[in-house]
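Take a look at the structure below.
Reminder, nothing fancy here: chain letters follow the sequence lines and each chain counts from 1. Heavy-atom basis, side chains included; hydrogens, waters and symmetry copies ignored.
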There are 2 protein chains.
Amino acid sequence: MARVGIREVAAASGVSIGTVSHYLNHPARVSAEKARRIQEAMDRLGFVRNNAGRQLRLGHSSTIAYMVPNVGNPFFATIAEGVEQRATEVGLSVFLTNSRRDREREDSYLALFEEQGVRGMLIASSRPIESRLAPIRDRGTPSVLVGRRASSPEQPSVSVDDVLGGYLAVRHLIETGRRRIAYVGGPLLVSQVADRLQGASNAVREFPGVTLEVIDIEEHVIAEGRRVAEELLTREPSARPDGVFAVNDLVAIGLLNVLAARGVRIPEDVAIIGYDDTEYAANSLVPLSSVRPPHEAFGMAAVDLLLAVMPGSETTPPPDPRLVFDPELVIRAST
Amino acid sequence: MARVGIREVAAASGVSIGTVSHYLNHPARVSAEKARRIQEAMDRLGFVRNNAGRQLRLGHSSTIAYMVPNVGNPFFATIAEGVEQRATEVGLSVFLTNSRRDREREDSYLALFEEQGVRGMLIASSRPIESRLAPIRDRGTPSVLVGRRASSPEQPSVSVDDVLGGYLAVRHLIETGRRRIAYVGGPLLVSQVADRLQGASNAVREFPGVTLEVIDIEEHVIAEGRRVAEELLTREPSARPDGVFAVNDLVAIGLLNVLAARGVRIPEDVAIIGYDDTEYAANSLVPLSSVRPPHEAFGMAAVDLLLAVMPGSETTPPPDPRLVFDPELVIRAST
DNA sequence: TTGAAAGCGCTAACAG
DNA sequence: CTGTTAGCGCTTTCAA
């Protein structure tokens with residue numbers, strides 16, 4: 001079963017390979033009769049265009065990469081929807097990969113993307129990665145950092161104002177009467193984590209008498225939230241926070257489930273607010289208040305920014321290609 | 001900024017391009033001195049190997065594709081972990097895509113994969129897709145159906161015995177004293193859904209006096225579980241099922257959260273069991289019993305099977321390449 | 001409207 | 001151990 005290429009199609013339809021290629025790329029320039037014969041031959045032979053040859057000749061692919069630390073995290077999954085939708089609209093395919101927060105995997109994927117000749121990359125990472133992106137950018141493959149504002153003005157990024165998010169969350173807790181606030185999040189080396197805490201602090205400072213406790217965690221998963229809840233339950237009720245701001249919804253849900261199961265009333269005894277406003281927030285036992293970043297819009301904006309910074313793009317990128325979106329508060333029963 | 005290829009590296013290090021290529025592909029065959037010079041030149045120039053040229057010459061890539069209906073579904077995300085891990089071990093990269101249950105997207109991704117020259121594909125789909133895979137297979141790109149047993153013995157697949165899963169779930173409910181069983185799932189056109197119901201029926205038939213009600217749903221998401229729970233709450237308590245088998249964990253969690261919040265005791269009044277044993281099952285309000293398919297092992301097995309059916313593989317595929325795994329029962333507090 | 005031909009970057013066979 | 005060279009399949013001038 002010989003592989004069928006344009007050569008075979010040309011032979012089978014009695015035209016030259018140049019004409020077949022024209023048919024593929026500029027169908028209008030081929031006479032109706034030959035077009036019909038070519039199409040018929042393609043169907044009959046099962047022609048599949050070889051992308052390697054095409055890409056080699058063209059010098060670029062029509063693929064972009066999107067790398068996330070954890071595909072299972074609904075936050076990234078939701079953004080992926082927007083990314084894919086927008087990319088499809090402009091004729092690009094998305095190569096999604098999962099770094100599993102592993103630096104080695106990140107690096108090897110970055111190298112792979114560059115070798116593959118992707119047109120650009122969307123990178124979400126929980127660690128500093130700009131220094132890897134810079135040389136790749138210089139060599140001609142642009143990238144957009146997703147989820148964190150770039151420190152270099154050369155590096156495009158799309159992020160949420162996490163300081164504002166933290167501020168909104170905690171001010172809301174305080175305004176609904178909470179005085180002993182706890183922030184459940186970590187590690188603080190992750191800038192989103194630190195920014196949300198900064199925002200929380202800003203809010204607390206505005207209200208004398210309100211205290212802010214920091215409870216450090218390792219990972220942003222449900223199990224960590226549960227663990228913290230168990231710890232809180234060993235305290236005297238009066239020593240417990242009355243308002244908890246969790247670094248994301250998963251952690252908040254872990255907290256909420258354990259506390260509620262042990263008879264702590266949510267929100268009367270402890271109010272809880274999460275972050276990301278994932279599907280799980282709206283559907284948890286006690287519907288969870290959360291800080292909502294723009295979701296689909298976020299992924300689309302990332303693609304649009306990438307398009308703008310691609311070499312040869314007709315749209316010009318903004319002078320400072322670091323887009324920051326404002327999150328908003330979604331208030332539900334948990335506060 | 002001229003793109004640097006092996007030609008430039010060769011010039012800069014004073015060797016021929018053949019030697020540079022040898023260094024890339026068989027480093028041992030190059031003298032230490034030249035190897036050093038070549039590596040130095042590559043680093044200095046920022047050489048990136050062009051995959052299109054390589055792939056064109058080689059005739060194949062080192063990429064496999066994994067297409068899922070919904071990246072956000074933790075079941076597929078977990079399998080993806082195993083897929084990626086195993087693929088990395090054998091030097092393959094994984095191109096993950098999200099069909100969003102859209103037939104058009106499925107078809108266009110399938111075509112894209114073939115044009116890209118992937119070595120093989122792993123396909124999870126909630127609709128019949130074998131007829132699309134067959135011609136692609138005949139043209140030389142093998143595939144493994146993931147999550148559902150293929151109907152053709154020509155089509156490799158990796159699946160879970162869902163009839164057994166349904167049986168185990170419902171027998172467990174009955175053995176713990178339940179008599180009015182409800183199966184919450186749908187549409188029955190989806191074979192996994194139908195198989196689980198078949199298993200449930202098998203169990204019910206073994207115990208005279210036990211009834212099985214079917215509650216149809218559209219999608220396997222938390223919100224649907226909540227909706228069903230609201231419906232159940234409108235019934236007289238005596239008309240409610242005392243054991244519920246949900247088609248997956250997300251639906252089960254939606255049910256559980258609403259019922260518990262309205263004072264229904266789990267499992268005393270209603271026992272609930274889910275399917276997939278995702279992270280969310282173990283961490284829900286009342287830890288959820290679930291039917292657990294092999295997770296990471298499942299993804300790995302899919303890759304291994306794909307490797308075995310790849311042309312030129314040294315491992316021979318099993319005579320019937322339709323692997324079926326037995327799920328197991330994970331009993332937690334919800335039953 | 002069609003065809004001929006050059007060559008994208010790389011690998012491997014072969015010769016030295 | 002190293003260099004020379006022939007294409008892999010495709011697109012795109014350029015000429016007819």
Side-chain angles (χ1 to χ4, degrees), chain A residues 2-39 41-42 45-62 111-112 114-119 139-141, chain B residues 2-39 41-42 45-63 111-112 114-119 139-141 312:
Chain A
R3 191 144 177 69
V4 8
I6 59 173
R7 209 189 323 271
E8 284 69 33
V9 173
S13 51
V15 302
S16 75
I17 58 172
T19 304
V20 176
S21 179
H22 277 142
Y23 173 67
L24 247 18
N25 299 289
H26 314 280
R29 291 191 202 158
V30 175
S31 72
E33 162 59 8
K34 302 214 161 164
R36 200 191 48 69
R37 293 221 310 268
I38 293 171
Q39 184 59 56
M42 285 183 169
L45 269 30
F47 168 75
V48 174
R49 186 197 229 163
N50 178 322
N51 181 67
R54 176 186 171 80
Q55 183 173 335
L56 179 58
R57 179 64 231 225
L58 256 32
H60 64 251
S61 68
S62 55
L112 178 71
E114 205 180 356
E115 290 183 3
Q116 298 274 18
V118 300
R119 289 286 281 284
R139 273 181 235 119
T141 306
Chain B
R3 190 142 179 73
V4 10
I6 59 173
R7 210 190 322 271
E8 284 70 31
V9 172
S13 51
V15 301
S16 76
I17 60 168
T19 303
V20 176
S21 179
H22 277 140
Y23 173 68
L24 247 19
N25 299 290
H26 315 279
R29 291 190 201 159
V30 175
S31 73
E33 162 60 9
K34 300 215 162 163
R36 202 192 47 69
R37 293 222 309 269
I38 293 171
Q39 185 58 59
M42 284 181 170
L45 268 32
F47 167 75
V48 174
R49 184 199 232 161
N50 179 321
N51 180 67
R54 176 188 172 78
Q55 183 173 336
L56 180 57
R57 178 63 231 225
L58 257 30
H60 63 250
S61 69
S62 54
T63 304
L112 178 71
E114 206 180 356
E115 289 184 4
Q116 297 274 16
V118 300
R119 289 286 281 284
R139 274 180 235 119
T141 306

[N] [atom2] sits how many Å from [X] [atom1], rounded?
X: B:Ile6; N: C:dG9; atom1: CD1; atom2: C1'; value: 7 Å
X: B:His60; N: C:dT11; atom1: NE2; atom2: C1'; value: 11 Å
X: B:Ile38; N: D:dT2; atom1: CD1; atom2: P; value: 8 Å
X: B:Asn51; N: D:dC8; atom1: CG; atom2: P; value: 19 Å
X: A:Arg29; N: C:dT2; atom1: CZ; atom2: P; value: 12 Å
X: A:Arg57; N: C:dA6; atom1: CZ; atom2: C1'; value: 8 Å
X: B:Gln55; N: C:dG9; atom1: CD; atom2: C1'; value: 13 Å
X: A:Ile17; N: C:dT1; atom1: CD1; atom2: P; value: 20 Å

Nearest to side-chain heavy atoms of [X], which nucleotide of [options]:
X: A:Leu24; options: D:dT11, C:dC8, C:dT2; value: D:dT11
X: B:Lys34; options: D:dC10, C:dC10, D:dT2; value: D:dT2
X: B:Thr19; options: C:dG9, D:dT2, D:dT11; value: D:dT2

Base, sugar-phosphate, or nothing: which does [X] touch, judged by heavy atoms less than 4.0 Å apart?
X: A:His26; answer: sugar-phosphate
X: B:Gly5; answer: sugar-phosphate
X: A:Leu58; answer: sugar-phosphate
X: A:Phe47; answer: sugar-phosphate
X: B:Ser21; answer: base

Is the phosphate of [N] approached by [X] (side-chain N or O, under 4.0 Å from OP1 or OP2)?
X: B:Ser16; N: D:dG3; value: yes
X: B:Arg54; N: C:dT11; value: yes
X: A:Ser31; N: C:dT1; value: no
X: B:Arg3; N: C:dC8; value: no
X: A:Asn25; N: D:dT11; value: yes

Go through it in stages, so that I can follow the logic: the residues are B:Gln55 and A:Asn51, the test is side-chain contact (heavy atoms from CB on, under 4.5 Å), and I'd like the CA-CA distance, side-chain angles, deciding distance and then a yes or no. CA-CA 9 Å; B:Gln55 183 173 336; A:Asn51 181 67; 6.0 Å; no
To the nearest 0.5 Å, how far apart are CD1 in A:Ile38 and OG in A:Ser31?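 It comes to 8.0 Å.
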Once you round to the nearest 0.5 Å, how far does CZ of A:Arg7 lie from CZ of A:Phe47?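 Reported value, rounded in 0.5 Å steps: 11.5 Å.
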Between [X] (side chain) and [Y] (backbone), is there a donor-acceptor pair under 3.5 Å?
X: B:Arg139; Y: A:Arg3; result: no
X: B:Glu8; Y: B:Gly5; result: yes
X: A:Glu114; Y: A:Ala111; result: no

